Each structure stands twice: as C-alpha cells, then as structure tokens.
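Shown next, in structure tokens, is the structure this report addresses.
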Amino acid sequence: MEDNLKKGTTTVVVVYDKGVVLATDKRASMGYLIAHKNAQKLFKITDTIGATCAGIVGDIQSLIGLLEAEANLYEMKNGKKISTKALARLTSNILQGQRYYPLIAWLVLGGCDSNGAEAYSIDPVGGVNRDTMISTGSGSTMAYGVLEDRFRENMTLEEGIELSVRAINAAIQRDLATGDGIAVAVIDSSGYRELSKEEIETIAVKVKNK
Amino acid sequence: MMPKGMGYDRAITVFSPDGSLYQVSYASEAVKKGATALGVKCSEGVVLAVDKRIPSKLVEPESFEKIFRIDEHIGAATSGIISDARVLIDRARLEAQINRLTYNESISTSVLAKKIGDLKQQYTQYGGLRPFGVSLIIAGINDLPEIFVTEPSGAYLAWKATAIGEGRDTAMKVFEEEYKDNLTMEETIMLALKALKASIEGEIDKSNIEMAILDKKTKKFEKLEGEKVKEYIAKLK
C-alpha cells in the first residue's frame, strides 16, 4: 500500500546569486493512476523559507504543518525569524526522532536570510546536506542530467528560474510519475514569492524552443 | 487572633491577604545579603565583575568561583546562595547545549534568561519547593551584547549596567552618574571596577575579585587572568 501512495515527483532547488529558486511538478500518482493533477509540493514555511517535498502526501502535509508551528514558536520566543540552517536541523531532529516509524518525506528547504541564500536536502531519516543545486523525487535522475550540464554558481535570477524549469521539464517529458505543470517560487532578501501560471508558461515555452 | 502576616510565610504557594508571597520576598533578601556582582555593557562587549568576599585567608582564593561560563558566548555572575546558583548554572549550560542540538545555533541571551526565569517561577508555585535564593546576571553576545538579571521570583529584566547583592545601591549610584552609551571596552572595565571598589569595604586586589569579559569582536566569554585584573586595578588608582 505504501508504494501505491508514494508520490512520484520531481523537485528542483537552485541557489542563484541573490536567492534561491524552488520548482516542482504538480502530479500526484498512485501506481499507474494519476491521483491528482494539481498537487501542492511547494510550500511557504515562513517569509524567508520555502520547501519542496517528495514522498507520501499525508506525511508531508503533517510535517509541513509541524514545521510552520515550530517556526512561529521560534519567532515568538527568539524575537527573530528562524534561519534556514536552524529549521533544517529541527526538521532533521523530528525525522531522526521517528527513525523506526519514519515519515516518508524528502524535503528540500530553501531560504534567504542573514546567512545568505541556502538550500538543504533532508532525507526521511534526518540526513541533512547543504548544496547549491538539489533535486529529489522519481524524476530527479532526469533533472540532475540537466542540472549537471547547465548549473553554474552565481547565476542570475532569470538563469536560475530558466534552469529549474528546464530540469523539471526534462522529467515531465521522460518520467511517468512527473507531469501536469510546473510550480515555481523564488526567495530572495525581500521574501517568498510564487510565480504566476503565466510567468511560468512563458518560461516553459522558451525552454522547449531551445 | 493571629498577628498580621503570621503563617503566610509557611508555604510558598500561599498568598498573604495583601497579595505577597513571603517566601519569595525572603529569597530576595538572601540576594541582598549576597556579595556584590555587577555587569556593564557597551557597544564593544560586556564586562562582569564580582566581589569574591573570601571568608578566611586560609581558603584557596582560586576555588572561589562566582562567574561561570555558560556557553562560548554567554557567562553569568551570581549573588546569593552559591549552591542554589550552581544548580541554575548547570541548567543554563544544559539549555545552551539543547539549543545547539535542536537548532544548530547558539542560544540567544534573552531566551536563556527566560528559561532560567521560567524555572525560578516554577519554584514559587509548586508545593514542597523553596525559591532559589539567588540572582544571576546573564551576559551574552549574539548579534549585540546583552545583560539580563533574573530574580528569585522568576522576573527578568535587561540592563545597560546593573548590580546585585549587598553593594547594589552603591554600585548603581556610580553607574547612574557615570554610565554613557558610547564607552569603549577599556572604559567599561574601569567603570565596572570603580563601581565594585565603591561597594566593597577595604581594598580590592586580584585575589578578592573576579572578572570576565565578552568581546564583540571574538563573541567569546573570557575570564580575566589575575595579572590582567591587577593591571586594571593599578590603573584605577
């Protein structure tokens, strides 16, 4: 049953010169069934931190809810927003604490704060790795092919968004469990912003034409 | 008919008719009888200083410790019942490490002061306990230097310069007259020493006081060596 609930997904997180781009597809699959065509895998946790998720929908939603609550509590107790680094550690602790009854969720946290723009990949048992380019989900093999070829450090915002869309698009074309459109969010020093459908469509068309 | 107030100091959890918790007030008296401890901050860091009030010349002065390192970036000076202080210091150190494990970040001074305040508050509300007879001056640097004082009631306040213990009034008078917002680290050390000297009967020397600083540049807690303290005392004269 678990295998059937597992979300085939592609997510991509890219750190560019002034922030971080988070991108996901929108398909939720259960085996050969496309369960949902507008699934949310991109989440805003605070004004400065976003997350992309792959895994079991229920596990993801409960974990994200918990992280939002913890982030709010942290802000009230400390009088400042939680950093991406601190939230990554906290997520790791929660997942590792459930080592023998794990939440099936692969999270990537992306954020921009006084430490700069950062991305953390967190596996279901709490392994944390910081990187400037991360992909998760069943389509990550295809996405990584694109990322490895085209990613550079300190890209511009436009380059970052285009690369993320290009990587997700590669997975949409070749991974059964990835599809139904793309969601993109950008986090820079002025906060979290999700791109409109039209903005993403324009970029997707551009990507497909070259 | 019982005399006024009679009996209301028998349990900490019982209010007197006029709204006091006598045991908590008595705990504050223990702090007022304690040796003077003070903390002063400036834009460059924080200085902590205490009167060690060594009871006998036969005591090894180094074994007397009233300023404690809590974490790399936080220290605390104590006044009151020293054994109560040690328990709070242990808890503060534990909380600092828990914060590092939980968030991969050093604990902020205000969060630590609140944790200690919360613990002290519990000891004013539960039966069978007695309040901590100690105040802590918690000094730390995260982004900015900060000083907090926690009282036996659990109340805590942030200060620019403050003193606790028997010499509080004298030291506070010195601070009120001479504290400025733009002091250098050296001037802050000298002001702390001056206030401490004013509040101690007799001479001060390197063996009967203890000092620590937190420099904004290093963000590290550092006890001042006896020789260094001696140099500063010499400058005071």
Side-chain angles (χ1 to χ4, degrees), chain A residues 20 45-49 51 63-64 66-99 103 107-123 125-131 134 189, chain B residues 41 43 46 70-76 88 91-122 136 138-150 154-160 214 216-220:
Chain A
V20 52
I45 296 176
T46 70
D47 290 338
T48 59
I49 305 172
L63 181 60
I64 293 288
L66 186 59
L67 292 183
E68 280 175 23
E70 288 282 359
N72 290 337
L73 284 170
Y74 181 100
E75 188 172 341
M76 284 183 274
K77 283 180 187 165
N78 291 268
K80 63 169 187 185
K81 283 200 160 53
I82 193 165
S83 65
T84 321
K85 182 179 91 165
L87 192 69
R89 172 64 70 91
L90 189 67
T91 311
S92 163
N93 288 149
I94 291 166
L95 292 168
Q96 176 60 33
Q98 301 231 50
R99 178 67 179 80
L103 295 168
L107 253 64
V108 182
L109 297 182
C112 190
D113 50 40
S114 56
N115 299 326
E118 295 181 319
Y120 293 88
S121 170
I122 307 170
D123 71 39
V125 288
V128 181
N129 281 293
R130 190 184 153 196
D131 213 334
I134 298 165
S189 57
Chain B
K41 75 168 181 177
S43 59
V46 193
I70 306 291
D71 198 350
E72 206 170 48
H73 65 301
I74 297 184
L88 292 177
R91 172 60 82 98
R93 287 171 171 164
L94 183 65
E95 294 290 354
Q97 292 307 314
I98 287 173
N99 199 278
R100 282 185 185 277
L101 274 173
T102 311
Y103 299 113
N104 196 11
E105 273 179 352
S106 50
I107 196 167
S108 77
T109 319
S110 60
V111 168
L112 183 68
K114 183 174 178 298
K115 296 244 183 212
I116 296 303
D118 287 352
L119 181 71
K120 284 178 161 182
Q121 191 284 142
Q122 297 272 291
L136 300 186
I138 300 173
I141 298 185
N142 289 284
D143 298 326
L144 293 170
E146 285 180 303
I147 296 176
F148 289 86
V149 172
T150 68
Y156 68 100
L157 280 174
W159 296 84
K160 293 173 178 173
L214 278 137
K216 200 186 168 194
K217 283 196 277 294
T218 60
K219 293 195 174 182
K220 285 197 170 37

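Chain identifiers are assigned alphabetically (A, B, ...) following the order of the sequence lines, protein sequences preceding nucleic acid strands; residue numbering begins at 1 within each chain. These figures come from a predicted structure and were not determined experimentally.
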How about residues 95-102 of chain B versus chain A: which residues have heavy atoms under 4.5 Å apart? B/Arg100, B/Leu101, B/Thr102
Could you give the distance from CG (B/Asn104) to OG1 (A/Thr84), rounded to the nearest 0.5 Å? 12.0 Å
Looking only at non-hydrogen atoms, find the nearest pair between A/Glu70 and B/Tyr103 and report the distance. OE1-OH, 4.3 Å
A/Asn78 versus chain B, heavy atoms under 4.5 Å apart: side chain, backbone, both or neither? both
Quick check on the structure: residues of residues 110-120 of chain A within a heavy-atom distance below 4.5 Å of chain B, by number. none
Interchain contact, A/Leu87 with chain B, by part (heavy-atom threshold 4.5 Å): neither
Side chain to side chain donor-acceptor pair (under 3.5 Å) partners for B/Asp118, two or more places apart: B/Lys114
For B/Lys219, what residues pass the salt bridge (Lys or Arg N to Asp or Glu O under 4.0 Å) criterion, not counting sequence neighbours? none
Take atom CZ in B/Arg93; do more than 12 heavy atoms of anything else shown fall under 6.0 Å from it? yes
Which portion of A/Thr91 sits near chain B, non-hydrogen atoms under 4.5 angstrom: neither
